[in-house]
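Here the structure is laid out as structure tokens; the discussion comes afterwards.
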Amino acid sequence: MPVLLEHITQPTEQDWIDLGKIYSDAPQEWLENSDDIKSSLQKLLDQDIWFIAGRFNARLLAALKAKKEGNTIYLSDLSVRKVTVKRGVAHQMMHHMRIWADEQGYTLVAKDVPPELANALINREFVEEEGVFKRNPR
């Protein structure tokens, strides 16, 4: 399943539906109000939080939050729709993020990485120090 990486800044109505499905499967504490996912996510967009999404066949299957500070992109809260878990969506997203970051000269930093994704980051030249994964551009 080839996944395309996309920076979501102004979600379409279908994107909002897909983001709602993605984050309904995520831990409740990731959202200000888990009963109103759209408003919670819109507040994050208004605070310059990016959503990096994985798209397959015109639908969003996964998303993560990203915050740019200087030449560093902080990644957090990666969520994949339960119906597509274990199909390599998160791995493909991190692969594409690495390529994009190298092209732009960005350092990637990820905290609170789920154990099932740690090896994928290490295989993509992230270095772990005290639970934080960091990858400098090549």
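Start at 1 with the first residue, then count along the sequence.
Hydrophobic clustering, with ILVMFWY side chains joined whenever heavy atoms are under 4.5 angstrom apart, keeps M97 apart from Y74. A chain of hydrophobic side-chain contacts below 4.5 Å, direct or via other Ile, Leu, Val, Met, Phe, Trp or Tyr residues, connects W16 to I8. In terms of hydrophobic clustering, with Ile, Leu, Val, Met, Phe, Trp and Tyr side chains grouped at heavy-atom distances under 4.5 Å, V132 and I122 are assigned to different clusters.
Contacts classified as salt bridge (Lys or Arg N to Asp or Glu O under 4.0 Å) and involving residues 98-110 (residues at least two apart or in different chains) are given here: D102-R135. Judged as a ring-ring contact (aromatic ring centres under 6.0 Å, His included), the pairs with a partner in residues 103-138 (not counting sequence neighbours) are, in order, W100-Y106.
Closest heavy-atom contact between A53 and M93: C-CE, 3.9 Å. For the pair P137 and A101, the tightest heavy-atom approach, listed with the atom from each and the gap, is CB-O, 4.3 Å. The minimum heavy-atom distance linking V80 with A90 is given by the pair CG2-CB, 4.2 Å. Looking at every heavy atom in both residues, A66 comes nearest to L75 through CB-CD2, 4.0 Å. In terms of heavy-atom proximity, I37 sits nearest to G20 at CD1-O, 3.5 Å.
With N136 as the partner, the side-chain hydrogen bond (donor to acceptor under 3.5 Å, both in side chains) test is satisfied by one option alone out of T107, N71, T72: T107.
Using a 4.5 Å cut-off on side-chain heavy atoms (C-beta onward), H91 and R124 make contact. At least one side-chain heavy atom of Q47 sits less than 4.5 Å from a side-chain heavy atom of L44. Looking at I73 and K67, their side chains never come closer than 4.5 Å, going by heavy atoms from C-beta outward. Residues L5 and I52 have side chains in contact (heavy-atom distance under 4.5 Å, counting atoms from C-beta outward). The closest side-chain heavy-atom distance from P11 to L45 is below 4.5 Å.
The CZ atom of R59 sits 10.0 Å away from the CG atom of N57 when rounded to the nearest 0.5 Å. For the atom pair K21 NZ and L61 CG, the distance stands at 10.5 Å (nearest 0.5 Å). Between the CG atom in L4 and the CD atom in Q92 there is a gap of 9.0 Å [rounded to 0.5 Å]. Remark: D15 CG to E13 CD distance equals 9.5 Å, nearest 0.5 Å. Rounded to the nearest 0.5 Å, atoms CG (L64) and CZ (F51) are 9.5 Å apart. For the atom pair W50 CH2 and T9 OG1, the distance stands at 10.5 Å (nearest 0.5 Å).
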message = If you apply the rule side-chain contact (heavy atoms from CB on, under 4.5 Å), what do you find for E129 with V127, and how did you get there?
response = CA-CA 7 Å; E129 291 182 17; V127 176; 4.3 Å; yes
ask   = Please walk me through it: do R138 and E125 pass salt bridge (charged side-chain N to carboxylate O under 4.0 Å, His left out)?
value = CA-CA 10 Å; R138 300 279 179 241; E125 301 172 340; 3.1 Å; yes
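The backbone N or O of W30 lies less than 3.5 Å from a partner atom in the side chain of K65, making a donor-acceptor pair. The backbone N or O of I22 sits less than 3.5 Å from a side-chain atom of S79, completing a donor-acceptor pair. Between the side chain of H96 and the main chain of V3, a donor-acceptor pair closer than 3.5 Å is present.
Under the side chain to side chain donor-acceptor pair (under 3.5 Å) criterion, S76 pairs with no residue at all, not counting sequence neighbours.
Counting heavy-atom neighbours within 6.0 Å of K68 NZ, excluding the residue itself, gives a total above 12.
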